[in-house]
Amino acid sequence: MSAHFDVLIVGAGLSGIGAGYHLQANCPDRSYAILEGRDCIGGTWDLFRYPGIRSDSDMYTLGYSFRPWTEPKAIADGPSILNYVRETARVYGIDKNIRFNHRVVRADWSSADSQWTVEVERGPEKTIERFTCNFLFMCSGYYKYEHGYTPDFPGIADFAGRVVHPQKWTDDIDYAGKKVVVIGSGATAVTLVPELAKTAARVTMLQRSPTYVVARPDEDKVANWLRARLPAKLAYGLTRWKNVLFGMYFYRLCKRDPERVKKLILGGVRHALGPDYDVATHFTPRYNPWDQRLCLVPNGDLFQSLRNGGSSVVTDQIETFTPGGIKLKSGNVLDADIVVTATGLDLQVLGGLEINVDGARVDLSKTMNYKGLMYSGVPNLAAAFGYTNASWTLKCDLTCEYVCRMLNHMKAHGYAQVTPRRNDPTVAELPWVDFSSGYIQRAAARFPKQGSRRPWRLYQNYALDIMTLRFGSLKDEAIEFLPARRASADAASNPARQVA
């Protein structure tokens, strides 16, 4: 055994660094370490290196609640976000608690000992090392770092040019003066196209179906005005709530009156592209706004690129790749030197971690998600998972606060174990996320379910989650707290207790 910690955090990205801060601030008597599979801090913001990489959420809500974002741009580029995360880790001394090149692969819970044994692969040699902890906090995101999702395109092996997924972008990719086809219509595609078009000969965004695209200034004038006149923390807090409330209002409007919102969005696209552009074909989705995520384009850069001829959009389906490009089902051919498959992420639960509880393998798809952060039948484990309709960090901050409240409650009352239990058979199972996006639907069967009512229901509502996670009771009919001796006795008397 290498070491024992009160809490082990898995992942040193945006969520993991936030978790480290909250533990230091709210549970200063608890020891912790962060296990990071890669060799640096940053997670998503270090992994993705494609041209133009940026956030599609404003930094006043994507930033941490405890550390103001002070840059002028609200829609920040990837390197600026990475610097913010790394600087946060350094300023608060969180970086001293990180163990790099420690990839967590397995966790075994023992009720008799009230602790986890966590197995990691260390370094390129994948040396097996084990840690123990009382509580396991997963901050590893929700997609595979090893590869993104690429469909099995017919004839792709015949293509003479280069095919690259944005998740695997490298500095040696030279697109200057080249013909580039970007397959996809999501956030990555609309980011790549205008950036590639600055030096490529021609860039074509090939989409099977359109996405809602909204233009927004990359700077928040109100935020910058407030910051120039108020203390940084106060200005940040006011801006954060301004953006949170507007986001909640807009989301509710999308659900309540989708036709009205659809007209507003498409009206903006028509205004940006002019009356002659075929908005109906290329920018009018078959679904309602916020049935999938909206795509944000700062300062309308995508529309500007389309207007000046640096890029174009083709809405069609791929019949086959050819040596020189892509043949479409319409019969048209797109010539290409480089094809970028901006076709999405490959999702996984808890970083692909194998979990065993008292010797029994846990199938997380058979569990139910408790308050959006724990899993039925799995003791002393929480996971940071952000919102689908708002900034990721908003929910992660609240999750960290809740975990700290729970740890302090357990210590104050002598509890060694906390486990969500599905005691009410009338709670119906629902999909983990109510989203029609392809990357969500492809992974839905592998993810835990949510329930039809509290505390198993995910409401995707920041204000409601504040009341539940920051101020709500830690006790309800679905949560079981046990002292060490009781947990050990239960394990001895019922070793095959079902994880459910």
**OP:** Not counting sequence neighbours, list each pair that qualifies as a salt bridge (Lys or Arg N to Asp or Glu O under 4.0 Å) and has a residue in residues 402-416.
**Re:** Asp29-Lys411
**OP:** Check whether the side chains of Asp337 and Tyr175 place a donor and an acceptor atom closer than 3.5 Å, and report yes or no.
**Re:** no
Original post:
Would Arg86 and Asp95 satisfy salt bridge (charged side-chain N to carboxylate O under 4.0 Å, His left out), going step by step from the backbone distance to the final call?
Top reply: CA-CA 8 Å; Arg86 289 180 174 173; Asp95 54 349; over 6 Å; no
Ignoring hydrogens and angles, write down the donor-acceptor pairs under 3.5 Å from the side chains of residues 8-20, residues two or more places apart or on other chains.
from: Ser15; atom 1: OG; to: Trp392; atom 2: NE1; distance (Å): 2.8

Subject >> Minimum side-chain heavy-atom gap Cys133-Val7 below 4.5 Å >> reply: no
Subject >> Flag side-chain contact, heavy atom, 4.5 Å: Ile355 against Leu381 >> reply: yes
**OP:** Determine, step by step, whether Tyr145 and Leu47 satisfy the side chain to side chain contact (heavy atoms under 4.5 Å, CB included) criterion, reporting the C-alpha distance in whole Å, the side-chain angles of both residues, the deciding distance to 0.1 Å, and the verdict.
**Re:** CA-CA 8 Å; Tyr145 274 43; Leu47 177 71; 3.7 Å; yes
Original post:
Just how far is it from atom CG of Asn380 to atom CD of Gln417, taken to the nearest 0.5 Å?
Top reply: 6.0 Å
Original post:
Are the charged groups of Arg240 and Asp397 less than 4.0 angstrom apart, N to O?
Top reply: yes
**OP:** Assert yes or no for the condition that the ring centre distance of Tyr64 to Tyr21 is strictly below 6.0 Å.
**Re:** no
**OP:** Establish, from distance only, whether the side-chain atoms of Arg49 and Thr170 form a donor-acceptor pair under 3.5 Å.
**Re:** no
Subject >> Close aromatic pair by centroid cut-off 6.0 Å: His22 and Phe66 >> reply: yes
Original post:
For the ring pair Trp169 and Tyr50, is the centre-to-centre distance below 6.0 Å?
Top reply: no
Original post:
Is the shortest side-chain N to carboxylate O distance from Glu87 to Arg67 below 4.0 Å?
Top reply: yes
Original post:
Taking C-beta and beyond as the side chain, do Asn369 and Trp456 meet within less than 4.5 Å on heavy atoms?
Top reply: no
Original post:
Hey, does Tyr251 have a side-chain heavy atom less than 4.5 Å from the side chain of Leu294?
Top reply: no
Original post:
With distance as the sole criterion, is a donor-acceptor pair present between the side chains of Arg293 and Asn389 under 3.5 Å?
Top reply: no
Original post:
So, Thr117 and Asp108: side-chain donor and acceptor under 3.5 Å apart, yes or no?
Top reply: no
Original post:
For Asp346 and Gln348, does a side-chain donor sit closer than 3.5 Å to a side-chain acceptor?
Top reply: no
Original post:
In terms of side-chain heavy atoms, does Asn97 have a donor or acceptor partner in Tyr32 at a distance below 3.5 Å?
Top reply: yes
Subject >> Flag for Asp77-Ser80: side-chain donor and acceptor within less than 3.5 Å >> reply: yes
**OP:** Determine, for Arg446 against Asp363, whether the closest basic-nitrogen to carboxylate-oxygen distance falls under 4.0 angstrom.
**Re:** no
Original post:
What residues form a side chain to side chain donor-acceptor pair (under 3.5 Å) with Thr315, not counting sequence neighbours?
Top reply: Gln207, His282
Subject >> Nearest-0.5 Å distance that lies between atom OG1 in Thr367 and atom OH in Tyr370 >> reply: 14.5 Å
**OP:** Go through the side-chain N and O atoms of His4 and Thr132 and say whether any donor and acceptor fall under 3.5 Å apart.
**Re:** yes
Original post:
Taking Trp116 for the side chain and Ser110 for the main chain, is one N or O donor matched with an acceptor at less than 3.5 Å?
Top reply: no
Original post:
Do Trp432 and Gln450 have side chains that get closer than 4.5 Å, going by heavy atoms?
Top reply: no
**OP:** Just jot down the salt bridge (Lys or Arg N to Asp or Glu O under 4.0 Å) partners of Arg122, sequence neighbours excluded, or say none.
**Re:** Glu129
Original post:
Would Tyr84 and Trp69 count as a close aromatic pair, with their ring centres under 6.0 Å?
Top reply: yes
Subject >> Leu474 to Ile479 - nearest heavy-atom pair and separation >> reply: O-CG2, 3.5 Å
Original post:
Heavy-atom distance under 4.5 Å between the side chains of Leu430 and Lys449, does that happen here?
Top reply: no
**OP:** Kindly indicate whether the side chain of Val181, heavy atoms from C-beta on, has any atom under 4.5 Å from the side chain of Ile326.
**Re:** yes
**OP:** Tell me, please, which residues at least two apart from Glu429 pass salt bridge (Lys or Arg N to Asp or Glu O under 4.0 Å).
**Re:** Arg422
Original post:
So, for Phe385 and Tyr142, is the gap between ring centers shorter than 6.0 Å?
Top reply: yes
Original post:
Would you say the ring centroid of Phe135 lies under 6.0 angstrom from that of Phe5?
Top reply: no
Original post:
When you check the gap from the basic side-chain N to the acidic O, do Lys255 and Asp291 get nearer than 4.0 Å?
Top reply: yes
Original post:
Quick one: ring-ring contact (aromatic ring centres under 6.0 Å, His included) partners of Trp45, sequence neighbours excluded?
Top reply: none
Subject >> Nearest-0.5 Å distance that lies between atom CD in Glu119 and atom CZ in Arg130 >> reply: 4.5 Å
**OP:** Might you point out which heavy atoms bring Arg54 and Leu296 nearest each other, and give the distance in Å?
**Re:** NH2-O, 2.8 Å
**OP:** Please report the closest heavy-atom contact between Glu477 and Arg454, naming both atoms and the distance.
**Re:** OE2-O, 4.3 Å
**OP:** Apply ring pair (Phe, Tyr, Trp, His ring centres under 6.0 Å) to the pair His409 and Phe481, showing each step before the final yes or no.
**Re:** CA-CA 10 Å; His409 174 80; Phe481 289 96; 5.0 Å; yes
Subject >> Within-4.5 Å side-chain heavy-atom neighbours: Pro166 and Leu192 >> reply: yes
**OP:** Classify the side-chain pair Tyr462/Thr61 by whether it contains a donor and acceptor separated by less than 3.5 Å.
**Re:** no
